[in-house]
J.: 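Please see the structure below; I have some questions.
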Amino acid sequence: MYLRLTDEQKMVQQTIRKFVEKELIPLENEVLRNEREGRPSLSQEKKRELQLKAKNAGFWGINTPTEYGGADIGQMMLAIVLMEVSKTFVPFEFGGSADNILYYGNEAQKEKYLRPTINGDKKSCFAMTEPGAGSDTRNIKTTAVKDGNEWVVNGEKTFITGGNEADFVMVIAVTDKESHQRTGREGVTCFIVDRDMGWKSEYIHTMGEWGPAGLVFDNVRVPEENILGEIHGGYDLGLEWIGFARWVVGARAVGSAERLLQMAIDYSKERETFGKPIADRQAIQWQIADSAVEIEAAKWIVLNAAFTLDQGEDNRHLASMAKLYGSNMGNRVVDRVLQIHGGMGYTKELPIERWYREARLWRIYDGTDEIQRLIISRNLLKGNVKLGQFI
């Protein structure tokens, strides 16, 4: 075992850190101002400009296979990169990437959807959650009924990230009601559906800056060739999409928590009560110490989940652990940081209250705390995973 970054990995980490400090963090006041005034955090033009700056620095398609022009740095390095990028709330994603399940498309689908998405010419979203079906996939009501060489899709999806901006959606729909009702896993299929085929989206207002969409499919006709993967094979694709998203949530929580804790450390040295910096108060010291320990623990769980995936092994158990512990750690840290800042932490002059609202979402989307606990305990009780297996 070698629990240190290589020189090459350190170089990547430091380069990304400098990019975040130079290009992203200076935009935070602008982002806060735009959000207070009801405007988008950053314009699409500005986001594209930032992506091109990152591209010029050698970061384009950081986890995209080299055959598609990407860097393919691997999952563990991706986790490290995400931790650095998440030290700011400025919305930024590296260009040149696509949803992991799009690579399961056939050559025609790759040409029409995958490559344009990697090039930034198209935007995608993934839709499985419904008003009455989140992690309980047995309750999915959206259906696709075959009619000649087309499938007619009807139903609603909700809380879809990127649904308002997407040019096409990868939607999960029931194609065999009997087998779906029997198992909750079989009888569902993933379809690639262009917006101009007729589905509509509506913005969902939330307590934070996450602006998901509700999608409506009303007799939307989808050609046979737009089935992604195998007929009735949508459940496995959905699991793969969500499984990747889960440990990524943990990585983002680690990066955000590190930035927040540094803010608390700096502030505690400046703020005085009764003639002394609050950093001298044991109550503050313990909050800082507890936060540092929890961040470090979450970091290694996330890195282990990513490393396991790099080895070609099933990391779903670790991904659930990374999301459960990482998201809850992030919530505890931001709460302590706000408390250390006192009233100022609650104001909109500082970004802490914004992070507070954002962090609360980490425990809900891509599988709630309760679902992660169910998965982890079930794996252990059924013997699917042994204690100490991933080391």
Side-chain angles (χ1 to χ4, degrees), residues 75-76 78-79 82-83 86 99-101 126-130 132-140 158-161 172 183-185 206-208 210 212 235-257 290-291 293-310 313-335 355-391:
Q75 305 301 316
M76 186 171 171
L78 176 62
L82 290 174
M83 289 176 189
S86 299
D99 288 286
N100 57 336
I101 62 174
F126 174 76
M128 184 159 69
T129 301
E130 298 185 2
S135 299
D136 182 9
T137 56
R138 193 186 298 268
N139 278 329
I140 289 177
T158 191
F159 299 126
I160 307 304
T161 300
I172 300 294
T183 67
R185 300 188 175 200
T206 66
M207 64 182 277
W210 178 53
Y235 183 81
D236 289 339
L237 289 179
L239 278 185
E240 184 154 344
W241 190 93
I242 293 171
F244 174 80
R246 282 176 176 164
W247 69 260
V248 165
V249 172
R252 294 190 184 281
V254 168
S256 300
D290 286 345
S291 297
V293 171
E294 291 180 28
I295 290 170
E296 201 67 15
K299 181 184 298 183
W300 288 107
I301 295 174
V302 169
L303 290 176
N304 196 13
F307 178 82
T308 301
L309 199 58
D310 276 335
E313 301 171 9
D314 187 344
N315 83 332
R316 285 178 293 178
H317 185 77
L318 286 174
S320 287
M321 284 185 164
K323 184 182 187 298
L324 176 63
Y325 187 79
S327 61
N328 278 269
M329 174 280 298
N331 274 257
R332 289 191 295 270
V333 169
V334 71
D335 187 71
W355 249 312
Y356 199 101
R357 288 180 283 117
E358 181 177 325
R360 192 59 186 84
L361 176 64
W362 298 337
R363 295 177 53 201
I364 298 174
Y365 67 179
D366 296 325
T368 63
D369 287 356
E370 292 74 22
I371 286 297
Q372 305 314 320
R373 289 189 172 100
L374 173 64
I375 292 169
I376 294 165
S377 61
R378 184 174 58 195
N379 285 339
L380 292 168
L381 292 169
K382 289 187 174 182
N384 299 328
V385 172
K386 304 296 183 183
L387 291 174
Q389 174 177 328
F390 297 98
I391 190 170

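Because the structure is predicted, anything quoted here is derived from the model rather than measured.
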J.: Let me see the working for M321 and N304 under side chain to side chain contact (heavy atoms under 4.5 Å, CB included), right down to the final yes or no.
T.: CA-CA 10 Å; M321 284 185 164; N304 196 13; over 6 Å; no
J.: Just wondering, do F126 and I172 contact through their side chains at under 4.5 Å, heavy atoms?
T.: yes
J.: Under 4.5 Å between any side-chain heavy atoms of M329 and V254, yes or no?
T.: yes
J.: Find the distance between CG (L324) and CD1 (I371) and round it off to the nearest 0.5 Å.
T.: 11.5 Å
J.: Would you say Q372 and N328 make side-chain contact, with heavy atoms under 4.5 Å?
T.: no
J.: How long is the gap from CD1 on I376 to CG on L318, to the nearest 0.5 Å?
T.: 9.0 Å
J.: Could you tell me whether the side chain of Q75 reaches within less than 4.5 Å of the side chain of N315, counting heavy atoms only?
T.: no
J.: How many angstroms lie between CD1 in I295 and CG in D290, if you round to the nearest 0.5 Å?
T.: 11.0 Å
J.: Tell me, do Y365 and V249 make a side-chain contact under 4.5 Å, heavy atoms counted?
T.: yes
J.: Should Y325 and E294 count as side-chain neighbours, where that means a heavy-atom distance under 4.5 Å?
T.: yes
J.: Measure across A251 and A79 and return the closest heavy-atom pair with its distance rounded to 0.1 Å.
T.: CB-O, 4.1 Å
J.: Among pairs that include at least one residue of residues 315-329, which meet salt bridge (charged side-chain N to carboxylate O under 4.0 Å, His left out), considering only residues two or more places apart or in two chains?
T.: D314-R316
J.: Under a 4.0 Å threshold between the charged nitrogen and the carboxylate oxygen, would D369 count as salt-bridged to R363?
T.: yes
J.: Between N100 and E240, is there a donor-acceptor pair closer than 3.5 Å when you use the side chain of the first and the backbone of the second?
T.: yes
J.: Is the centre of the F244 ring less than 6.0 Å from the centre of the W247 ring?
T.: yes
J.: Return the OG to CD distance between S291 and E296, rounded to the nearest 0.5 Å.
T.: 13.0 Å
J.: Under a 3.5 Å distance rule, please check whether N331 uses its side chain to pair with a backbone N or O of A359 as donor and acceptor.
T.: yes
J.: Do any pairs count as a side-chain hydrogen bond (donor to acceptor under 3.5 Å, both in side chains) and have a residue in residues 378-391, sequence neighbours left out, and if so which ones?
T.: H317-N379
